Amino acid sequence: MKLHVACLLVFLALLAGCAGTPKPAAAPAEAPEAVSLLGRPLYRLAFAPARQAALEADLTEARAAYDQAPGEADNIIWLGRRLAYLWRYREALAVFSEGIEKHPDDARLYRHRGHRHITLRAFDRAVADLEHAARLVEGTPDEVEPDGAPNAAGIPTSTLHTNVYYHLGLAYYLQGRFEDALAAYRRCLAAATNDDMRVATLDWLYMTLRRLGRHDEAQAAIASVHAGMALLENFAYHRRLLMYRGDLPPDSLLRVAEGEDAALTLATQGYGVGNFYLVSGQPERAEEIFRQVVAGSYWPAFGYLAAEADLKRLGRDAPTRKGQ
């Protein structure tokens with residue numbers, strides 16, 4: 001078993017070094033962006049040079065628009081989002097807070113700040129922001145949320161309402177408030193208008209129902225999932241759903257092809273596998289996989305966050321990865 005774990009950890013480390021995958025500097029000089037739920041400092045990571053340059057150029061453009069009209073809510077939001085895409089989360093949080101002072105009734109600002117509170121492991125603050133955003137959007141028309149990192153088709157798949165409820169559900173889930181998470185995910189699913197948003201929401205809804213011991217409801221919720229769904233981006237969640245249905249073997253999701261998003265995909269799919277083992281009565285195997293996830297580099301990933309939360313709930317610590 002120890003040899004098996006060691007081999008998988010080596011595999012994860014190799015994936016983290018793939019071209020385009022964020023990787024830590026050898027000796028981070030800056031203060032950590034966050035501290036993990038397991039007490040580990042988490043540092044901003046660098047992208048491959050071409051990707052880093054593109055993100056920096058986007059930030060320069062957003063900052064120029066903000067400087068020209070700093071009171072415009074859209075300019076504030078995009079400045080905060082562009083900072084966050086560079087893993088400058090604390091700066092992004094400050095920008096969204098400034099925006100809330102200027103536009104206290106704009107649900108978008110609470111939605112984005114709540115998301116980044118999640119990233120920084122401040123779940124109580126995230127819930128407060130996202131609950132307030134939910135109150136603000138109640139009874140209002142929904143609107144498509146533009147993508148900062150568009151998919152290959154250039155078609156946004158989420159909306160303001162779905163993002164509010166989706167992130168609120170996640171914040172509750174990470175706190176272990178599964179009944180509240182279920183209610184939020186049901187509202188998100190009701191607002192979803194495409195298969196990408198449906199599979200992402202159904203995945204967390206399924207896991208939440210399993211945590212509540214409602215196995216039959218969980219299986220019924222994903223009865224309509226099939227291999228030919230029309231997806232633009234949420235392929236990792238789709239694979240997790242197919243695994244829950246028995247269409248894919250669990251450990252097949254731990255084999256991730258090299259590429260720019262390898263570390264993120266592995267964190268996402270890996271957490272789903274670990275959670276599946278946990279709710280299936282195999283906590284030791286689940287813990288092993290959660291440890292594999294938090295040995296990776298993509299610590300803002302929701303799967304990474306959830307693996308931390310579960311290890312903490314299990315009363316476990318995890319080995320510190322060099323550079324984090």
Side-chain angles (χ1 to χ4, degrees), residues 8 151-153 157-158 162 165-167 169-170 172-174 176 178-257 259 261-290 292-293 296 298 301-307 309-310:
L8 281 168
N151 55 47
T157 61
S158 62
T162 57
Y165 296 125
Y166 184 81
H167 290 89
L170 175 65
Y172 287 142
Y173 183 98
L174 294 169
F178 298 119
E179 289 286 0
D180 290 330
L182 179 60
Y185 286 132
R186 289 199 188 284
R187 297 202 68 174
C188 184
L189 189 61
T193 59
N194 55 68
D195 281 350
D196 275 282
M197 202 66 230
R198 289 188 191 99
V199 299
T201 308
L202 280 172
D203 182 283
W204 289 98
L205 187 145
Y206 171 91
M207 291 195 297
T208 301
L209 285 167
R210 292 298 306 270
R211 289 301 179 94
L212 291 168
R214 294 156 66 171
H215 174 74
D216 291 343
E217 285 183 64
Q219 291 304 130
I222 62 172
S224 63
V225 172
H226 58 90
M229 297 181 78
L231 299 175
L232 298 174
E233 55 190 58
N234 284 327
F235 305 107
Y237 284 126
H238 187 223
R239 285 177 61 80
R240 279 166 42 161
L241 289 168
L242 294 174
M243 175 194 68
Y244 305 149
R245 288 172 49 84
D247 299 333
L248 292 175
D251 287 359
S252 70
L253 274 67
L254 299 177
R255 298 191 291 271
V256 177
D261 296 324
L264 172 58
T265 300
L266 193 59
T268 304
Q269 294 184 175
Y271 176 72
V273 175
N275 185 70
F276 183 77
Y277 280 121
L278 183 64
V279 298
S280 300
Q282 300 182 57
E284 291 184 359
R285 178 65 174 139
E287 181 184 341
E288 177 186 338
I289 295 172
F290 292 153
Q292 293 168 29
V293 170
Y298 213 101
F302 294 161
Y304 195 114
L305 278 153
D310 279 328

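Everything quoted here is computed from the prediction, not taken from an experiment.
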Closest non-hydrogen atom pair, [X] against [Y]:
| X | Y | answer |
| --- | --- | --- |
| Leu205 | Ala221 | CD2-CB, 3.7 Å |
| Ala286 | Gly274 | CB-O, 3.2 Å |
| Ala306 | Leu174 | CA-CD2, 3.5 Å |
| Cys188 | Met197 | SG-CE, 4.0 Å |
| Leu264 | Ala301 | CD1-CB, 3.6 Å |
| Val273 | Pro250 | CG2-O, 3.3 Å |

At what distance, to the nearest 0.5 angstrom, does [atom1] of [X] lie from [atom2] of [Y]?
| X | Y | atom1 | atom2 | answer |
| --- | --- | --- | --- | --- |
| Ser158 | Tyr166 | OG | OH | 10.0 Å |
| Asp203 | Asn234 | CG | CG | 9.5 Å |
| Ile222 | Leu209 | CD1 | CG | 10.0 Å |
| Leu189 | Arg198 | CG | CZ | 8.0 Å |
| Gln282 | Glu284 | CD | CD | 9.5 Å |
| Leu242 | Phe235 | CG | CZ | 12.5 Å |

Any side-chain heavy-atom pair of [X] and [Y] under 4.5 Å:
| X | Y | result |
| --- | --- | --- |
| Tyr298 | Thr268 | no |
| Ser252 | Met243 | no |
| Thr162 | Thr201 | no |
| Met229 | Leu241 | no |
| Arg240 | Phe276 | no |
| Tyr277 | Asp251 | yes |
| Leu231 | Tyr237 | no |
| Thr208 | Tyr172 | no |

Inset, instruction - For the pair Leu182 and Arg214, evaluate side-chain contact (heavy atoms from CB on, under 4.5 Å) and give the outcome as yes or no after the intermediate values. - result: CA-CA 11 Å; Leu182 179 60; Arg214 294 156 66 171; 3.6 Å; yes

Inset, instruction - Go through the steps to decide whether Val279 and Arg211 satisfy the test side-chain contact (heavy atoms from CB on, under 4.5 Å), and finish with yes or no. - result: CA-CA 7 Å; Val279 298; Arg211 289 301 179 94; 3.8 Å; yes

Legend entry - Ring-ring centroid check Tyr173 Phe178, cutoff 6.0 Å: yes

Inset, instruction - Under the side-chain contact (heavy atoms from CB on, under 4.5 Å) rule, what do Tyr185 and Leu202 come out as? Steps first, then yes or no, please. - result: CA-CA 8 Å; Tyr185 286 132; Leu202 280 172; over 6 Å; no

Legend entry - Derivation and outcome, side-chain contact (heavy atoms from CB on, under 4.5 Å), residues Tyr206 and Gln219: CA-CA 7 Å; Tyr206 171 91; Gln219 291 304 130; 3.1 Å; yes

Inset, instruction - Report the residue from Asn194, Thr193, Asp195 that forms a side-chain contact (heavy atoms from CB on, under 4.5 Å) with Thr157. - result: Asn194

Inset, instruction - Check the angle between the aromatic planes of His167 and Phe302 and answer parallel, tilted or perpendicular using the 30° and 60° thresholds. - result: perpendicular

